[in-house]
Amino acid sequence: MDRFEIEGEEVLDGTAKPSGNSAHVIVPKRWRGADVKVVRVSEPDSNE
């Protein structure tokens, strides 16, 4: 696993959920319009 150092304001843990041909992660409404970064920390389920 690689290590990343990111400066930021807040961290959330979540799970990428299916969404059509893609996936999405829900963040708080107050983050609307903010720049965000998403880091995958595990391998995806092979049965998805």
Side-chain angles (χ1 to χ4, degrees):
M1 186 179 290
D2 290 332
R3 183 176 186 91
F4 299 93
E5 185 173 323
I6 301 171
E7 292 185 20
E9 302 292 329
E10 194 172 1
V11 174
L12 293 177
D13 287 328
T15 303
K17 306 283 181 154
S19 178
N21 292 333
S22 187
H24 69 269
V25 177
I26 296 174
V27 298
K29 188 185 274 188
R30 67 182 184 278
W31 285 24
R32 196 177 304 173
D35 292 332
V36 299
K37 298 181 187 308
V38 176
V39 178
R40 183 173 53 85
V41 296
S42 68
E43 291 294 326
D45 291 339
S46 59
N47 58 1
E48 294 286 323

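Just so it is clear, the model here is predicted, and its values are computed rather than measured.
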(request) Decide side chain to side chain contact (heavy atoms under 4.5 Å, CB included) for Trp31 and Glu10; before the verdict, give the C-alpha distance in whole Å, the side-chain angles of both, and the deciding distance to 0.1 Å. (result) CA-CA 10 Å; Trp31 285 24; Glu10 194 172 1; 3.1 Å; yes
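- Heavy-atom minimum distance, His24 versus Ser19: ND1-CB, 3.1 Å.
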(request) Quick one: do Lys17 and Thr15 satisfy side chain to side chain contact (heavy atoms under 4.5 Å, CB included)? Show the steps, please. (result) CA-CA 6 Å; Lys17 306 283 181 154; Thr15 303; 4.2 Å; yes
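- Environment of CZ in Arg40: crowded, with over 12 heavy atoms of neighbouring residues, nucleotides or ligands closer than 6.0 Å.
- The two atoms that bring Pro28 and Leu12 nearest to each other are CD-CD1, 3.2 Å, heavy atoms only.
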(request) Check the pair Val39, Ile6 against side chain to side chain contact (heavy atoms under 4.5 Å, CB included), reporting the backbone distance first and the verdict last. (result) CA-CA 10 Å; Val39 178; Ile6 301 171; 4.0 Å; yes
